[in-house]
Novice: 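Attaching a single structure in structure tokens format; questions to follow.
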Amino acid sequence: MASITDRPGFVPPPYPYDRLDRFKPLAERLDGGLVDLSIGTPIDAPPDAVITALGSSGAERGYPPSIGSLEFRSAVRRWIDRRFGVDVPVAQIGACVGTKEFVGTLPQWLRLRRPDRDTVLYPAVSYPTYEMGAILAGCRAVPVPPTPDGSLDLAAIAPGDADRALALWVNSPSNPTGALDDLGEAAAWGRSHGVPVFSDECYVEFTWSGEGRTILEHGLDGVVAVHSLSKRSNLAGVRIGFYAGDADLVHYLQEVRKHVGLMVPGPAQAAGVAALDDDTHVGIQRERYLRRLERLAGVLRRWSGCEIALPAGGFYLWFDAGDGWEFTERLATVGGALVSPGDFYGAGGAQFVRVAVVQPDERIELVAARLGLG
Ligand SMILES: Cc1ncc(COP(=O)(O)O)c(C=O)c1O
């Protein structure tokens, strides 16, 4: 008799970064070992005040509020006001356990509310969790192609897909491309088609072309901005982010998320307050990333002959390497550096690679020396 576990059903695909494991021994062979430029995981220290807050909040014993403490949400409100000049009522702000869980679970909550819709629209070359969240909810994931300048080609969305859409995701600055989107256009498209727009803005503090922007500058109705402290404040290990915007959408998400037990730990919320209230460390981090982007772009350009432009935002180099997997293997073998083949971010990225500048300067210099460019 067949066991109930033999039933055909959803089989999670290999996690993209696990597919890089076979290259690790190539790099580990070299003196000094592997220099990991694949996952965008911060390595620089968060500010001391954040670490102090983590250890001294006294918030360990009781359950933390799922929607976020008033202190945390007030710090978010202050930051959005200071950074973008937009006032968002505290009631229209919610905490999330890092933004990956928010992105990965959102479609199922939206679908429960709108069972007549089944589609998630997302950038064709993008962070894989937009598509995966749709798949995990049993929804259709429909990619929106880029225009030649890398922003979303909203005119390419088929009317039938717009009618069925639960949400449109935008991501500016984009991971992996670094491109900036016209968030005003995205908000207007969502309003005119009756589709909520979710704007993932976790790299906004690292905007190199002009000022960082939020979709909230274009009004709160029908839009939700999603932010993370992982990148801004080097707190990926603490798991804290937030979403803010449309009163009705935020309220619904706050309520449904309570029932799932999605809670940011109390000490993490206290650390989030300390991090959001400080901008000095963000300025220092910005300088680090820009320096590393410039250095690595120069080194890889000279070594490979590829055209490598600096991104408009974010901390990734994204360039056409001819064949993303072949380049990744060659760089691991010769330079001992691991990068991400572009097809991790969609089939349109297959010729590209993504290089995350998340290693200290001396590790980047080690790669340069191995490539004969020290
Ligand atoms: C575009 C984008 N969104 C969301 C996330 C998730 O970040 P976290 O879960 O640490 O907040 C990442 C992480 O790399 C990302 O690149």
Side-chain angles (χ1 to χ4, degrees), residues 59 61-81 86-122 129-130 132-139 164-170 187 190-191 193-202 214-216 219-230 238-270 272-273 276:
R61 297 185 190 185
Y63 287 109
S66 166
I67 63 172
S69 65
L70 185 59
E71 291 78 11
F72 176 66
R73 290 181 302 134
S74 302
V76 169
R77 181 184 195 173
R78 288 193 292 277
W79 176 73
I80 295 176
D81 187 23
V86 180
D87 185 28
V88 183
V90 165
Q92 289 169 234
I93 297 169
C96 55
V97 194
T99 52
K100 190 178 182 83
E101 67 82 354
F102 184 91
V103 175
T105 59
L106 178 75
Q108 59 183 299
W109 316 137
L110 296 179
R111 180 127 205 237
L112 282 170
R113 201 179 195 208
R114 289 296 306 264
D116 57 318
R117 296 193 174 203
D118 67 352
T119 295
V120 174
L121 303 168
Y122 70 101
T129 313
Y130 306 126
M132 189 48 69
I135 292 171
L136 293 173
C139 288
R164 293 169 70 171
L166 291 159
L168 166 69
W169 274 110
V170 292
R191 287 181 193 130
H193 291 81
V195 176
V197 180
F198 287 80
S199 179
D200 182 347
E201 302 171 358
C202 66
T214 175
I215 199 161
L216 304 176
L220 308 187
D221 285 351
V223 303
V224 174
V226 182
H227 282 268
S228 173
L229 291 183
S230 298
V238 169
R239 309 308 302 140
I240 184 160
F242 57 88
Y243 54 102
D246 182 89
D248 175 58
L249 279 168
V250 168
H251 178 70
Y252 169 70
L253 292 169
Q254 287 172 336
E255 292 304 307
V256 75
R257 291 166 55 85
K258 279 180 194 171
H259 289 287
V260 194
L262 289 166
M263 288 177 266
V264 177
Q269 298 200 31
V273 174
L276 283 166

Novice: When the ring planes of Phe242 and Trp79 are compared, do they come out parallel, tilted or perpendicular, using 30° and 60° as the limits?
Specialist: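 Plane angle over 60°, so perpendicular.
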Novice: Quick one: does any side-chain atom of Ser66 pair with a main-chain N or O of Met263 as donor and acceptor, under 3.5 Å?
Specialist: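 No; zero donor-acceptor contacts below 3.5 Å.
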Novice: Taking it one step at a time, do Glu101 and Arg257 satisfy side-chain contact (heavy atoms from CB on, under 4.5 Å)?
Specialist: CA-CA 11 Å; Glu101 67 82 354; Arg257 291 166 55 85; 2.6 Å; yes
Novice: Could you work out, with side chain to side chain donor-acceptor pair (under 3.5 Å) as the rule, every residue matching Thr99, not counting sequence neighbours?
Specialist: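 Scan of Thr99 (side chain to side chain donor-acceptor pair (under 3.5 Å), adjacent residues dropped) gives none.
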Novice: Would you please name every residue forming a side chain to side chain donor-acceptor pair (under 3.5 Å) with Asp221, sequence neighbours left out?
Specialist: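 Not a single residue meets the side chain to side chain donor-acceptor pair (under 3.5 Å) criterion with Asp221.
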Novice: Minimum heavy-atom separation for Gly266 and Pro64, please, with both atom names.
Specialist: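 That would be N-CB, 3.7 Å.
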Novice: Name all residues meeting the side chain to side chain donor-acceptor pair (under 3.5 Å) criterion together with Gln269; count only those two or more places apart in sequence or in a different chain, and write none if there are none.
Specialist: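 Expected list: Ser69.
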Novice: Which value, rounded to the nearest 0.5 Å, describes the distance between Leu229 atom CG and Phe72 atom CZ?
Specialist: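 The distance works out to 5.5 Å.
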Novice: In Å, rounded to the nearest 0.5 Å, how long is the span from CG of Leu262 to OG1 of Thr105?
Specialist: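 Taking CG in Leu262 and OG1 in Thr105, the distance rounds to 6.0 Å.
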Novice: Would you list the pairs meeting salt bridge (charged side-chain N to carboxylate O under 4.0 Å, His left out) in which at least one residue belongs to residues 238-251, sequence neighbours left out?
Specialist: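 For residues 238-251, and leaving out neighbouring residues, the salt bridge (charged side-chain N to carboxylate O under 4.0 Å, His left out) pairs sorted by first residue read Arg113-Asp248.
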Novice: Looking only at heavy atoms, what is the nearest atom pair of Val264 and Cys96, with distance?
Specialist: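 Distance-wise, the nearest heavy atoms are CG2-O, 3.1 Å.
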Novice: Kindly indicate, with the supporting measurements, whether the criterion side-chain contact (heavy atoms from CB on, under 4.5 Å) is fulfilled by Gln108 and Leu136.
Specialist: CA-CA 8 Å; Gln108 59 183 299; Leu136 293 173; 5.6 Å; no
Novice: First locate atom CZ of Arg78, then atom CG of Asp87, and finally report the distance between them rounded to the nearest 0.5 Å.
Specialist: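 If we round to the nearest 0.5 Å, Arg78:CZ and Asp87:CG are 12.5 Å apart.
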Novice: Looking at residues at least two apart in the chain, or sitting in another chain, which of them share a side chain to side chain donor-acceptor pair (under 3.5 Å) with Arg73?
Specialist: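 With sequence neighbours excluded, Arg73 shows a side chain to side chain donor-acceptor pair (under 3.5 Å) to no residue whatsoever.
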Novice: Go through it in stages, so that I can follow the logic: the residues are Trp169 and Val120, the test is side-chain contact (heavy atoms from CB on, under 4.5 Å), and I'd like the CA-CA distance, side-chain angles, deciding distance and then a yes or no.
Specialist: CA-CA 8 Å; Trp169 274 110; Val120 174; 3.9 Å; yes
Novice: In chain order, what residues pass the salt bridge (charged side-chain N to carboxylate O under 4.0 Å, His left out) check against Arg117, with sequence neighbours excluded?
Specialist: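 Once residues adjacent in sequence are excluded, Arg117 has no partner under the salt bridge (charged side-chain N to carboxylate O under 4.0 Å, His left out) criterion.
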Novice: Do side-chain atoms of Gln92 reach the backbone of Val250 as a donor and acceptor pair under 3.5 angstrom?
Specialist: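 Absent.
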Novice: Taking all non-hydrogen atoms of both residues into account, name the closest pair between Ala91 and Gln254 and its distance.
Specialist: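 Looks like O-NE2, 3.4 Å.
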Novice: Looking only at heavy atoms, what is the nearest atom pair of Ala225 and Thr214, with distance?
Specialist: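 Closest heavy-atom pair between Ala225 and Thr214: CB-OG1, 3.9 Å.
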Novice: Can you spot which of Val76, Leu253, Leu106 makes a side chain to side chain contact (heavy atoms under 4.5 Å, CB included) with Tyr243?
Specialist: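 Result: among Val76, Leu253, Leu106, Leu253 is the only option passing the side chain to side chain contact (heavy atoms under 4.5 Å, CB included) with Tyr243.
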Novice: Can you say whether the rings of Phe198 and Phe102 are parallel (under 30°), tilted (30 to 60°) or perpendicular (over 60°)?
Specialist: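 The rings of Phe198 and Phe102 sit tilted, inter-plane angle from 30° to 60°.
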Novice: Working to the nearest 0.5 angstrom, can you tell me the gap between Leu220 CG and Leu249 CG?
Specialist: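 With rounding to 0.5 Å, CG (Leu220) is 11.0 Å from CG (Leu249).
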Novice: What verdict does the side-chain contact (heavy atoms from CB on, under 4.5 Å) test give for Val197 and Arg191, after you've listed the backbone C-alpha separation in whole Å, the side-chain angles of each residue and the deciding distance to 0.1 Å?
Specialist: CA-CA 8 Å; Val197 180; Arg191 287 181 193 130; over 6 Å; no
Novice: If you compare all heavy atoms of Ile215 against all heavy atoms of Ser199, which two are closest, and at what distance to 0.1 Å?
Specialist: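 Heavy atoms of Ile215 and Ser199 come nearest at CG2-CB, 3.6 Å.
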Novice: Do Leu110 and Pro196 come within less than 4.5 Å of each other through their side chains, counting heavy atoms only?
Specialist: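 Sidechains of Pro196 and Leu110: no contact.
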Novice: With rounding to the nearest 0.5 Å, note down the distance linking OG1 in Thr129 to CG in Asp200.
Specialist: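 Output value for this atom pair is 9.5 Å.
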Novice: Quick check against the 3.5 Å criterion: does Tyr252 have a side-chain atom that pairs as donor or acceptor with the backbone of Trp109?
Specialist: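 Yes; judged by distance alone, with no hydrogens or angles, the pair exists.
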Novice: Could you tell me the separation between the CG atom of Asp81 and the CG atom of Leu216, rounded to the nearest 0.5 Å?
Specialist: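 CG of Leu216 is found 11.5 Å from CG of Asp81.
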Novice: Which heavy atom of Ala187 sits nearest a heavy atom of Val223, and at what distance?
Specialist: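 Heavy atoms only, the tightest pair is CB-CG1, 3.9 Å.
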